[in-house]
Visitor: 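One structure, pasted below without further comment.
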Amino acid sequence: MPCVAAQMRASLCRLSAHSAAAPQPQPQPSECLRPSLRRRQAVHCQAAGKTLSSNSQQGAALGVQVEREEVPHYAQGSEYLKSLGFRNASEISRVLDIAMNPNSLYLQDRHKRRSVNSSARRLSVQDDMQPVCHFLQSQGLSEQEVVEVVSKHPPVLSYSVDNRLQPFMSYMKEIGIAEPAKAILQRPTLLGLDADKNLKAIVGYLQDNGHSTEDICHLLQTSI
């Protein structure tokens, strides 16, 4: 019996030592940190929510400002173009966007590349659009022909009569084009040439290279 008891005690001691030596499972870091992470995530989401709310409020305020400041000019311009004879709503929108928006996506040059109307700005019907259309009519264009010219070259609505259109017409006559209005009706994009900035330089270059007045007039109305 004493031997059996001794053997049992030895076995128990070995089992106890083995249990003590066995590695105990450690809590996963994620389990320890989860409550803390959740708290941080909650704080972050709350802050982000406040930022989005603030941005939304600012955007709404900006939208109200744009609506109050910009839309009346487009609405008045739209009514004026309708009075001239424009009928298509999308065409009216395109014309007004090119005339008033310096970053208009509608504006392209003859090679389908993005172009810019440097004169684009918020236009007044009374101070900007009417004077341009009345001037074109005074040069011999009918109201329907004015609609055609404006439709094909919308930036004309943003041009100054005194500083841009009148000098253009005078110079066209000076170089031998007796009826500039007919030339414009045939090729409205001619109005994109500024007499002082580029038209005179083009004509001078052609003259220096031996082109006659007839050649120059023909080139202006067909290819330049």
Visitor: Check the pair L123, H73 against side chain to side chain contact (heavy atoms under 4.5 Å, CB included), reporting the backbone distance first and the verdict last.
Guide: CA-CA 7 Å; L123 299 177; H73 295 271; over 6 Å; no

Visitor: List the steps, then state whether side chain to side chain donor-acceptor pair (under 3.5 Å) holds for S158 with N117.
Guide: CA-CA 9 Å; S158 62; N117 174 19; 3.2 Å; yes

Visitor: Looking only at heavy atoms, what is the nearest atom pair of A181 and L141, with distance?
Guide: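 Smallest heavy-atom distance, with atoms named: O-CD2, 3.6 Å.
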
Visitor: About how many Å separate CD of Q144 and OG of S142, when rounded to the nearest 0.5 Å?
Guide: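 Going from the OG atom of S142 to the CD atom of Q144 covers 6.5 Å.
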
Visitor: Mind running side chain to side chain donor-acceptor pair (under 3.5 Å) on D162 and S160 for me, showing each step along the way?
Guide: CA-CA 6 Å; D162 293 335; S160 166; 5.5 Å; no

Visitor: Does D97 reach the main-chain N or O of S93 with its side chain, forming a donor-acceptor pair under 3.5 Å?
Guide: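 The answer is no, because no donor-acceptor pair under 3.5 Å joins these two groups.
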
Visitor: Atom CD in Q207, atom NZ in K200: separation rounded to 0.5 Å?
Guide: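 Interatomic distance, Q207 CD to K200 NZ, rounded to 0.5 Å: 12.0 Å.
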
Visitor: State, yes or no, whether a side-chain contact exists between E91 and S151 at a heavy-atom distance under 4.5 Å.
Guide: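 Yes - at least one pair of side-chain heavy atoms lies under 4.5 Å apart.
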
Visitor: So I175 and L220, do their side chains get closer than 4.5 Å, heavy atoms only?
Guide: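 Yes; the side chains approach each other to less than 4.5 Å.
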
Visitor: By the definition side chain to side chain contact (heavy atoms under 4.5 Å, CB included), identify the one residue from T189, L165, I98, I184 that meets it with V156.
Guide: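 That would be L165; it is the only one of T189, L165, I98, I184 passing the side chain to side chain contact (heavy atoms under 4.5 Å, CB included) with V156.
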
Visitor: To the nearest 0.5 Å, what is the distance between NE2 (H134) and CD (E143)?
Guide: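 The distance works out to 8.5 Å.
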
Visitor: Roughly how far, to the nearest 0.5 Å, is CG of L185 from CG of L136?
Guide: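 Separation between the atoms: 10.5 Å.
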
Visitor: Under a 4.5 Å cut-off applied to non-hydrogen side-chain atoms, are E148 and P188 in contact?
Guide: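 In short, these two side chains do not touch, never coming nearer than 4.5 Å.
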
Visitor: Evaluate the criterion side chain to side chain contact (heavy atoms under 4.5 Å, CB included) for residue pair L193 and L190; output intermediate values, then yes/no.
Guide: CA-CA 6 Å; L193 296 173; L190 274 176; 4.0 Å; yes

Visitor: For a quick test of reading the model, state the closest non-hydrogen atom pair linking P131 to V161 and the distance between them.
Guide: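 Between these two residues, the closest heavy atoms are O-CG2, 3.6 Å.
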
Visitor: Measure across Q186 and T222 and return the closest heavy-atom pair with its distance rounded to 0.1 Å.
Guide: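 For Q186 versus T222, the nearest heavy atoms are NE2-CG2, 4.5 Å.
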
Visitor: Which atoms form the tightest heavy-atom contact between Y80 and C133, and what is the distance?
Guide: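 Shortest heavy-atom contact: OH-CB, 3.5 Å.
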
Visitor: State, to 0.1 Å, how close E145 and G140 come at their nearest heavy-atom pair, and which atoms those are.
Guide: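 So the two residues come closest at OE1-O, 4.0 Å.
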
Visitor: NZ/K197 to CD1/I202 distance, rounded to the nearest 0.5 angstrom?
Guide: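 The CD1 atom of I202 is 13.5 Å from NZ of K197, to the nearest 0.5 Å.
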
Visitor: Give, for atom OG of S104 and atom CZ of R94, the distance between the pair rounded to the nearest 0.5 Å.
Guide: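 It comes to 9.0 Å.
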
Visitor: Report, as yes or no, whether the 6.0 Å neighbourhood of atom NE2 on H218 holds more than 12 heavy atoms from other residues, nucleotides or ligands.
Guide: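 Open: at most 12 neighbouring heavy atoms sit under 6.0 Å from NE2 of H218.
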
Visitor: Would you mind reporting whether R121 and D128 have side-chain heavy atoms less than 4.5 Å apart?
Guide: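 Yes, their side chains come closer than 4.5 Å.
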
Visitor: Can a donor-acceptor pair be found, under 3.5 Å and without considering hydrogens, that links the side chain of S138 to the backbone of F135?
Guide: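 Yes, S138 side chain to F135 backbone: donor-acceptor pair under 3.5 Å.
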
Visitor: Between L96 and Y74, what is the shortest heavy-atom contact and its length?
Guide: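 Nearest pair, atom of L96 first, then Y74: CD1-O, 3.4 Å.
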
Visitor: Is any side-chain heavy atom of F168 closer than 4.5 Å to one of M172?
Guide: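 Counting from C-beta outward, M172 and F168 do come under 4.5 Å.
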
Visitor: In sequence, state the C-alpha distance, the side-chain angles, and the governing distance for L84 and V150, and then conclude on side chain to side chain contact (heavy atoms under 4.5 Å, CB included).
Guide: CA-CA 10 Å; L84 286 179; V150 170; 5.6 Å; no

